[in-house]
Amino acid sequence: MEQTDNLLVRIQKKYNTFSKGQKNLADYIIKNYDKAVFLTAARLGKEVGVSESTTVRFATQLGYKGFPEFHRALEELVRNRLTSIQRMEVTYGHVPQGEILDTIFQSDIEKIKMTMESIDHNAFELAVDTLLEARTIYIVGIRSCAPLASFLGFYLNLILDDVRLVQTNSASEIFEQMIRINEKDVIIGISFPRYSMRTLKAIEFANNRNAKVITITDSVHSPINLYSSCNLIAKSDMASIVDSLVAPLSVVNALVVALCMKRQSEVVNTLESMEKIWDEYQVYSSDEMNHVEPSVSVNSIREGL
């Protein structure tokens, strides 16, 4: 059985081989996977009317090593398939109103810790080197990922020569903006559940033209990793109607800082030029400029680098 098969596909393939009790389990999960994800093996069995051992055997017959691996697959399914309304109902149904602020803060802290412990440092270094060698860098992130793409694009423009934030109003616009992409270029694709098909198609388009692909996503099983040679995994579990993007933003920050370290003199020269332009054209108000003098700002950045 292919390991890439999701839980529902596995159930469909094995359904005719199940016992009556296992078919009851399969039917329940297909219709109520958003509820089943919160149940232990014993509670799931009780809900369906079968024993705990039947539930465990059901998991192994599907090709999982045990119920814990089966449950992780169920979590993956829920994360990818729940609608925004369902996410809100699931979260608010389990967190008291008065505890939401602390709960979200703690959840975000845990996501950063989990990302820090599991991220592939070799992949990170490869991403930095790949970006430094690229002729043109394309960045694509859609819907809730658009702010991450914009943030990354803003800072990469201060460090590297040719950075293009792909506008994503329509699929045809994406391909038109990337029409000249080739093996000398890099595309950074950012996508988290629910995964964007437009992001996937943009990455596929770039890959077909031999461009290097870097992905920032939540799982090695993310569909955008199909075309990626460098995967940066950041945790982003569902949290009510919105996805937490604090860990992905930390990865983006780390990329920017690492690139700055590699291009120290160029970055300082760029910032010195920008400070003069900002001052000449009064980009910032005089009050704002008085807080940080241009010379102090550049010197501080130089010392920090």
Side-chain angles (χ1 to χ4, degrees), residues 6 33-34 37 75-92 100 104 107-108 111-112 114-115 119 127 131 137-157 163-179 181 185-208 211 213-228 230-256:
N6 72 28
Y33 52 81
D34 55 326
V37 72
E75 289 175 338
E76 187 82 14
L77 174 68
V78 170
R79 185 163 61 246
N80 293 342
R81 291 192 170 225
L82 279 184
T83 66
S84 296
I85 293 174
Q86 287 172 322
R87 291 184 186 199
M88 184 170 62
E89 289 174 345
V90 167
T91 301
Y92 291 155
I100 288 177
I104 296 302
S107 177
D108 284 347
K111 290 179 183 67
I112 292 176
M114 291 169 65
T115 299
I119 195 165
L131 291 171
I137 297 168
Y138 297 84
I139 305 172
V140 58
I142 293 175
R143 298 178 70 81
S144 64
C145 294
L148 286 176
S150 180
F151 184 91
L152 179 58
F154 175 84
Y155 283 102
L156 290 192
N157 265 310
V163 179
R164 306 184 187 186
L165 181 62
V166 178
Q167 302 302 314
T168 58
N169 293 329
S170 71
S172 62
E173 279 188 10
I174 293 175
F175 301 135
E176 290 160 8
Q177 293 170 76
M178 296 169 54
I179 193 64
I181 194 169
D185 304 324
V186 174
I187 184 170
I188 303 174
I190 306 174
S191 188
F192 290 84
R194 302 156 72 188
Y195 303 110
S196 166
M197 281 300 298
R198 278 185 287 169
T199 300
L200 179 61
K201 292 298 183 182
I203 291 174
E204 180 183 9
F205 180 85
N207 179 73
N208 288 341
V213 178
I214 297 171
T215 55
I216 302 175
T217 188
D218 70 314
S219 168
V220 292
H221 303 297
S222 170
I224 68 170
N225 287 340
L226 290 172
Y227 306 103
S228 174
C230 183
N231 311 325
L232 300 179
I233 306 300
K235 300 300 181 181
S236 177
D237 292 335
M238 61 183 182
S240 73
I241 198 169
V242 297
D243 292 315
S244 170
L245 296 176
V246 292
L249 182 57
S250 291
V251 172
V252 167
N253 284 340
L255 271 179
V256 171

Asker: To the nearest 0.5 Å, what is the distance between OG1 on Thr199 and CD1 on Ile190?
Answerer: 9.0 Å

Asker: Is Asn225 close to Ile233 at the side-chain level, that is, under 4.5 Å between some pair of heavy atoms?
Answerer: yes

Asker: Under the side chain to side chain contact (heavy atoms under 4.5 Å, CB included) test, which residues partner Ala206, sequence neighbours left out?
Answerer: Met178, Ile181, Ile187, Ala211

Asker: Identify, with sequence neighbours excluded, every residue that meets side chain to side chain contact (heavy atoms under 4.5 Å, CB included) alongside Cys230.
Answerer: Ala123, Leu126, Ala127, Ile214

Asker: Using ring-ring contact (aromatic ring centres under 6.0 Å, His included) as the criterion, list what pairs up with Phe175, not counting sequence neighbours.
Answerer: Phe205

Asker: After noting the C-alpha distance and the side-chain angles of Asp218 and Tyr195, does the key distance pass the side-chain contact (heavy atoms from CB on, under 4.5 Å) rule?
Answerer: CA-CA 10 Å; Asp218 70 314; Tyr195 303 110; 2.6 Å; yes

Asker: Using 0.5 Å steps for rounding, measure from the CD1 atom of Ile224 to the OG atom of Ser196.
Answerer: 9.5 Å

Asker: What is the minimum heavy-atom distance between Glu75 and Val37, and which atoms define it?
Answerer: CG-CG2, 3.6 Å

Asker: Return yes if some donor-acceptor pair links the side-chain N/O of Thr115 with the main-chain N/O of Lys235 below 3.5 Å, else return no.
Answerer: yes

Asker: My understanding is that only residues two or more places apart in sequence, or in another chain, count here; which of them pass side-chain hydrogen bond (donor to acceptor under 3.5 Å, both in side chains) with Asp108?
Answerer: Ser244

Asker: Who are the salt bridge (Lys or Arg N to Asp or Glu O under 4.0 Å) partners of Glu204, not counting sequence neighbours?
Answerer: Lys201

Asker: Do any N or O atoms from the side chain of Arg198 and from the backbone of Ile142 form a donor-acceptor pair under 3.5 angstrom?
Answerer: no

Asker: Are the side chains of Ile137 and Leu131 in touch, meaning some heavy atoms are under 4.5 Å apart?
Answerer: yes

Asker: Check salt bridge (Lys or Arg N to Asp or Glu O under 4.0 Å) between Asp185 and all other residues, then give those that pass, not counting sequence neighbours.
Answerer: Arg135

Asker: Which heavy atom of Pro248 sits nearest a heavy atom of Ser236, and at what distance?
Answerer: CG-CB, 4.5 Å

Asker: Looking at Ile203, is its backbone amide N or carbonyl O close enough to the side chain of Asn207 to form a donor-acceptor pair, meaning the two atoms are under 3.5 Å apart?
Answerer: no

Asker: Please name all residues satisfying salt bridge (Lys or Arg N to Asp or Glu O under 4.0 Å) with Arg164, sequence neighbours left out, ordered by chain then number.
Answerer: Asp162

Asker: Mind checking what makes side-chain hydrogen bond (donor to acceptor under 3.5 Å, both in side chains) contact with Ser144, not counting sequence neighbours?
Answerer: none

Asker: Roughly how far, to the nearest 0.5 Å, is the CD1 atom of Ile188 from the CG atom of Leu232?
Answerer: 9.0 Å

Asker: Under the side chain to side chain contact (heavy atoms under 4.5 Å, CB included) rule, collect the residues that match up with Ile112, sequence neighbours excluded.
Answerer: Val246, Ala247, Ser250

Asker: Thr217: which residues meet the side-chain hydrogen bond (donor to acceptor under 3.5 Å, both in side chains) condition with it, sequence neighbours left out?
Answerer: Ser222

Asker: Could you work out, with side chain to side chain contact (heavy atoms under 4.5 Å, CB included) as the rule, every residue matching Leu249, not counting sequence neighbours?
Answerer: Leu148, Phe151, Asn253

Asker: Going through the checks in order, is the side-chain contact (heavy atoms from CB on, under 4.5 Å) test met by Thr215 and Ser191?
Answerer: CA-CA 8 Å; Thr215 55; Ser191 188; over 6 Å; no

Asker: Is it the case that the side chain of Gln167 and the backbone of Glu173 share a donor-acceptor pair, with hydrogens and angles ignored and the cut-off at 3.5 Å?
Answerer: no

